[in-house]
Amino acid sequence: MKEALNRIREEAIQAIAAADSENTIEELRVRYLGKKGELTAILKQMGSLSPEERPVLGQLANDVRKELDAKITEKTAVIKQMAQDLRFKAEAIDVTLPGNRPKIGARHPLEKVLDDVKEIFLGMGFDVAEGPEVEYDHYCFEMLNMPKHHPARDTQDTFYINENVLLRTQTSSVQIRTMLNQKPPIRIISPGRVYRVDTVDATHSPIFHQIEGLVVDKGITMADLKGTLEEFIHKLYGKEIGVRFRPHHFPYTEPSAEMDMECFKCHGKGCSLCKNEGYIELLGCGMVRPEVLEGCGIDSSVYSGFAFGVGADRITMMRYGINDLRVLFENDMRFLEQL
Ligand code: DAH
């Protein structure tokens with residue numbers, strides 16, 4: 001019996017040492033110390049021993065039980081600790097690593113330029129006016145001295161919704177809306193989307209953007225127009241950029257002009273950017289015709305005004321050196337992320 005106890009002890013100690021999971025160690029506990037375990041089985045045989053042997057072997061059996069119990073408890077703690085260490089290792093977070101930055105995006109280049117333009121004109125005392133993109137023919141053409149069948153309408157191929165309603169071809173309609181709603185002095189710019197029937201290519205799009213400007217007050221002259229627009233270009237592109245005015249025709253202004261700015265690449269010498277012109281066409285402008293003022297209930301013998309319309313896409317393209325209009329609308333991240 002003594003040998004049996006020692007054998008069980010040896011065996012159990014080895015098995016406990018080799019155990020590597022909570023399950024295995026629990027199995028060992030049941031196998032050696034459980035009610036139906038090997039040690040219990042031996043203890044049950046105590047009755048058959050002589051009275052002298054009984055206390056000696058009883059003592060030994062008890063010692064073995066205590067020893068194994070202690071070893072199992074100890075090993076269980078070690079295994080639990082190991083499992084916890086492993087879990088902690090797997091779940092560990094390196095708090096010194098940079099976090100995942102959420103992509104918050106950025107303002108579109110066109111919006112940035114519009115912001116700059118607004119800033120410049122707000123600084124000169126202008127307000128920002130808004131008008132609808134779905135507009136009456138009356139405001140978009142008629143009241144701007146372009147009655148039905150006026151040839152000047154041909155230059156603005158129009159999306160008509162019905163005979164009287166259209167997608168505005170120019171922000172000039174906001175001039176009319178402003179003058180109908182507000183008495184002079186008027187000083188507004190109105191940036192916005194405009195629409196014309198056009199096939200998309202590098203310089204054309206059926207949707208583009210304009211910034212309209214209108215000033216009406218007593219004693220406004222062409223000098224105010226030139227001074228204001230020159231200041232605008234200098235603020236946007238720098239003082240060294242010259243401008244020039246060319247006579248032109250618009251039905252709602254007289255005299256009318258187009259303003260060009262010196263090519264910022266060659267400074268007037270002529271290069272590929274300005275197609276050897278030295279200048280880049282930028283905007284239409286002129287002195288508001290008395291008929292247009294009167295049509296809006298403004299006394300043209302007291303008040304005069306000037307107006308202009310700038311292509312916002314064009315100034316954005318020049319600002320960022322973009323040579324294809326389409327990239328402004330296509331939402332290609334490879335382009336947008338460069339700016
Ligand atoms: N509306 C014109 C266009 O779309 C631009 C323009 C020219 C606006 C002269 C004006 C102006 O206000 O006075 O081409």
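We count residues from 1, following the sequence as given. Order of listing sets the numbers, starting from 1, for every ligand and every atom in it.
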Exercise for review: Supply the atom-to-atom distance M259 CE to R244 CZ, rounded to the nearest 0.5 angstrom.
Suggested key: 11.5 Å
**Study point:** Set of salt bridge (charged side-chain N to carboxylate O under 4.0 Å, His left out) partners for E337, sequence neighbours left out
**Key:** K103
Practice item. For residues K239 and E230, determine if any side-chain heavy atom of one lies less than 4.5 Å from a side-chain heavy atom of the other. Key: no
Practice item. Run the numbers on T171 and E212 for side chain to side chain donor-acceptor pair (under 3.5 Å), then give the verdict. Key: CA-CA 6 Å; T171 44; E212 195 75 15; 2.8 Å; yes
Point to revise | Distance under 6.0 Å and angle within 45° of ring axis: R196 vs F208 | key: no
Check your understanding: Counting N and O atoms only, with roles assigned by atom type, does the side chain of S190 sit under 3.5 Å from a partner on the main chain of V174, one being a donor and the other an acceptor?
Key -> no
List, pair by pair, the atoms of ligand 1 and of the protein that are both N or O and lie under 3.5 Å apart, giving the separation rounded to 0.1 Å.
unit_1: ligand 1; atom_1: 1 (N); unit_2: Q170; atom_2: OE1; d: 2.7
unit_1: ligand 1; atom_1: 1 (N); unit_2: S172; atom_2: OG; d: 3.1
unit_1: ligand 1; atom_1: 1 (N); unit_2: Y252; atom_2: OH; d: 2.8
unit_1: ligand 1; atom_1: 4 (O); unit_2: R196; atom_2: NH2; d: 2.9
unit_1: ligand 1; atom_1: 4 (O); unit_2: Q210; atom_2: NE2; d: 2.9
unit_1: ligand 1; atom_1: 12 (O); unit_2: Q175; atom_2: NE2; d: 2.8
unit_1: ligand 1; atom_1: 12 (O); unit_2: E212; atom_2: OE2; d: 2.6
unit_1: ligand 1; atom_1: 12 (O); unit_2: F308; atom_2: N; d: 3.3
unit_1: ligand 1; atom_1: 12 (O); unit_2: F308; atom_2: O; d: 3.4
unit_1: ligand 1; atom_1: 13 (O); unit_2: A307; atom_2: O; d: 3.2

